[in-house]
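These notes concern the structure reproduced below.
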Amino acid sequence: MAKINFGGVEEDVVTREEFPLEKAREILKDETIAIIGYGVQGPGQALNLKDNGMNVIVGQRKPSKSYDKAIKDGFVEGETLFSIEEALEKGTIIFYLLSDAAQIAVWPTVKKYLTEGKTLYFSHGFGVTYKEQTGIVPPDNVDVILVAPKGSGTSLRRLFVEGKGLNSSFAVHQDFTGKAKEKAIALGIGVGSGYLFETTFQREVYSDLTGERGSLMGAIQGLFAAQYDLLRKKGHSPSEAFNETVEEATQSLYPLVAENGMDWMYANCSTTAQRGALDWWKKFRDAVAPVFEELYESVETGNEAKISIERNSQSDYREKLEEELKELQESEMWRAGSAVRTLRPGKD
């Protein structure tokens, strides 16, 4: 591991320099990686591992859209694409990448095939951390590890194809063989991580659920909506309100933050923008801090897990989800956004 200074705090991380792909291949050369779940994370991780020379098979229900997608992605029925049960039997490392709700439903089947010495791999700490609600308790005689890319499977694959990487956390929950950590790191390199930082299953799920509900998705939608609605109420046009709220952020400023940091972005804006941002950011921080405290407590106590499991396990979950997403889709702000995107230079 390499010691890196993060804002004055030293942290051990794993990079491709000290843990090259060749080392990962050597560690995993005798393993068969069975991908169970070909939805959000499955395709990206499976294809990256395959392209990196690992032995990868996919287990998926047939017929299903995911089964058809696996075929389209180059997995061959009866050779590298099997039923879930067949893949579980053949695999020595089981990638459990179903949705949290689906993991609960399929767990009794998975558990039957976790024979001594196998490795159970997660990309989310949800099932194991909230075991009282999920019932997911791995047997004592297997390794249980986690690699959690910090982004969607689509982003993981896209960056891999571009020769880049998506940072990931990794964790060891159970080390039966004495080799769990090196396997976790090797698999993290194999799926295309930029660098790897160590965590625990619990810390991963606490930070992940907070982030999704906070600055990554929930809070940012709330912030966008509040500003857009205010500008419209004050007489600004939809185009002006959307451009000042979303388009300039995502197309101009956020890429600068990603490239060099918030301080650099501030330094490369007008002096008027700098002054206003510096005067107001702490007011926004103080305003939302209590909401984040409430959110983290809800995650920590298992309340968010309870809500997620109950809602996502309902038979009409998909229909209800579509209705909730429709509210966003049909809002004036995102209808304006759809129009703005068609006007970007280079768009057909």
Heavy-atom distance under 4.5 Å between the side chains of Asp73 and Pro43, does that happen here? yes

Expected output: side-chain Glu304 to main-chain Ser298 donor-acceptor under 3.5 Å: no

Residues 75-87, side-chain donor-acceptor partners within the protein, below 3.5 Å, at least two apart:
from	atom 1	to	atom 2	distance (Å)
Glu77	OE2	Lys62	NZ	2.5
Glu77	OE2	Tyr67	OH	2.9
Thr80	OG1	Val76	N	2.8
Ser83	OG	Glu86	N	3.2
Ser83	OG	Glu86	OE1	3.2
Glu85	OE1	Arg61	NH1	3.4
Glu85	OE2	Arg61	NH1	3.2
Glu86	OE1	Ser83	N	3.3

Residues in ring-ring contact (aromatic ring centres under 6.0 Å, His included) contact with Phe197, at least two apart in sequence or another chain: none

Measure from the side-chain N and O atoms of Gln274 to the backbone N and O of Cys269, and report whether any donor-acceptor pair falls under 3.5 Å. yes

So does Met1 have more than 12 non-hydrogen atoms from other groups sitting under 6.0 Å from CE? yes

Got Glu31 and Asn55 here, is their nearest side-chain heavy-atom distance under 4.5 Å? no

Is any side-chain heavy atom of Arg275 closer than 4.5 Å to a side-chain heavy atom of Thr272? no

If we ignore angles and hydrogens, is there a donor and acceptor under 3.5 Å between the side chains of Gln202 and Thr200? no

Do Leu196 and Phe19 have side chains that approach each other closer than 4.5 Å (heavy atoms only, starting at C-beta)? no

Smallest separation among heavy atoms of Gln329 and Arg335, with atom names: O-CG, 3.6 Å

Could you tell me which residues satisfy salt bridge (charged side-chain N to carboxylate O under 4.0 Å, His left out) with Glu332, sequence neighbours excluded, listed by chain and number? Arg232

What's the shortest heavy-atom distance between Leu114 and Asn141, and which atoms? O-OD1, 4.3 Å

Shared hydrophobic cluster for Leu120 and Val205 (ILVMFWY, side-chain gaps under 4.5 Å): no

Heavy-atom closest pair, residues Pro138 and Val142: CB-CG2, 4.4 Å

Table please: side-chain donor-acceptor pairs of residues 163-171 below 3.5 Å, with sequence neighbours left out.
from	atom 1	to	atom 2	distance (Å)
Asn167	OD1	Tyr195	N	3.3
Ser168	OG	Leu166	O	3.4
Ser168	OG	Ser193	OG	2.8

Pair Tyr130-Asp100, side-chain donor/acceptor within less than 3.5 Å: no

Going hydrophobic residue to hydrophobic residue with side-chain gaps under 4.5 angstrom, can you get from Ile33 over to Tyr96? no

Determine the minimum heavy-atom distance between Val172 and Phe201, stating which atoms define it. C-CE1, 4.5 Å

Restricting to non-hydrogen atoms, name the atom on Leu88 and the atom on Ile94 that form the minimum distance, rounded to 0.1 Å. CD2-CG2, 3.6 Å

Within 6.0 Å of CD in Glu89, more than 12 heavy atoms from elsewhere: no

Interatomic distance, Gln221 atom CD to Leu328 atom CG [nearest 0.5 angstrom]: 5.0 Å

Side-chain touch Ile27/Lys23, heavy atoms, less than 4.5 angstrom: yes

Taking Thr210 for the side chain and Tyr206 for the main chain, is one N or O donor matched with an acceptor at less than 3.5 Å? yes

Kindly give the cluster partners of Leu253, where membership spreads through any ILVMFWY side chain lying under 4.5 Å from a current member. Leu256, Val257, Met262, Trp264, Met265, Tyr266, Leu278, Trp281

Which is it for Leu146 and His173 under the side-chain contact (heavy atoms from CB on, under 4.5 Å) test, yes or no, and what are the steps along the way? CA-CA 8 Å; Leu146 172 147; His173 179 71; over 6 Å; no

Decide whether Val106 and Leu97 are clustered together by the hydrophobic rule: side chain heavy atoms of Ile, Leu, Val, Met, Phe, Trp, Tyr closer than 4.5 Å, transitively. no

Step by step, would you call Glu240 with Asn243 a side-chain contact (heavy atoms from CB on, under 4.5 Å)? CA-CA 5 Å; Glu240 184 168 57; Asn243 273 279; 6.0 Å; no

Identify each donor-acceptor pair in which a side-chain atom of residues 178-191 lies under 3.5 Å from a protein atom, sequence neighbours left out, and give them as a table.
from	atom 1	to	atom 2	distance (Å)
Lys183	NZ	Thr119	OG1	2.7
Lys183	NZ	Asp143	OD2	2.7

Residues in salt bridge (charged side-chain N to carboxylate O under 4.0 Å, His left out) contact with Asp68, at least two apart in sequence or another chain: none

Under 4.5 Å between side-chain heavy atoms, counting indirect links through other Ile/Leu/Val/Met/Phe/Trp/Tyr residues: same cluster for Leu21 and Phe160 or not? no

Under a side-chain separation threshold of 4.5 Å, the hydrophobic residues clustered together with Leu231 are none

Out of curiosity, Ile93 CD1 to Leu28 CG, how far, rounded to the nearest 0.5 Å? 5.0 Å

Between Lys131 and Ile136, is any pair of side-chain heavy atoms under 4.5 Å apart? no

Are the side chain of Thr92 and the backbone N or O of Thr32 linked by a donor-acceptor pair below 3.5 Å? yes

Spacing of Arg213 atom CZ and Ser308 atom OG [to the nearest 0.5 Å]: 6.5 Å

Can you list the residues that meet the side-chain hydrogen bond (donor to acceptor under 3.5 Å, both in side chains) rule with Thr129, with sequence neighbours excluded? none

Counting only pairs under 3.5 Å, give me each side-chain donor-acceptor contact of residues 285-292, with atom names and distances, residues two or more places apart or in other chains.
none

Closest contact, heavy atoms only, Thr199 versus Glu204: OG1-N, 3.7 Å

Distance, nearest 0.5 Å, that separates CD of Glu294 from CG of Asn303: 10.0 Å

Report the distance from atom CD1 of Ile220 to atom OH of Tyr254, rounding to the nearest 0.5 Å. 3.5 Å

If you count the non-hydrogen atoms of other residues, nucleotides and ligands that lie under 6.0 Å from CZ in Arg158, is the total more than 12? yes

Does Gln41 reach the side chain of Ile35, with side-chain heavy atoms less than 4.5 Å apart? no

The reported gap from CH2 in Trp334 to CZ in Phe224 (rounded to nearest 0.5 angstrom) is 5.5 Å

Check whether any side-chain heavy atom of Arg318 lies under 4.5 Å from a side-chain heavy atom of Leu321, and answer yes or no. yes

Mark yes or no for whether Glu198, through its side chain, and Glu11, through its backbone, hold a donor-acceptor pair below 3.5 Å. no

Crowding at CD, Glu293 (>12 non-hydrogen neighbours, <6.0 Å): no

Using the ring of each side chain (for Trp, its six-membered ring), is Phe95 parallel, tilted or perpendicular to Tyr121, with breaks at 30° and 60°? parallel

When clusters are formed by joining ILVMFWY residues with side-chain heavy atoms under 4.5 Å apart, either directly or through shared neighbours, do Val40 and Leu209 land in the same one? no

I'd like to check the salt bridge (charged side-chain N to carboxylate O under 4.0 Å, His left out) partners of Lys320; sequence neighbours left out, ordered by chain and number. Asp316

Taking atom CD of Glu319 as the centre, does the number of heavy atoms from other residues, nucleotides or ligands within less than 6.0 Å exceed 12? yes

Going by the ring-ring contact (aromatic ring centres under 6.0 Å, His included) test, which pairs reach into residues 302-330, not counting sequence neighbours? none

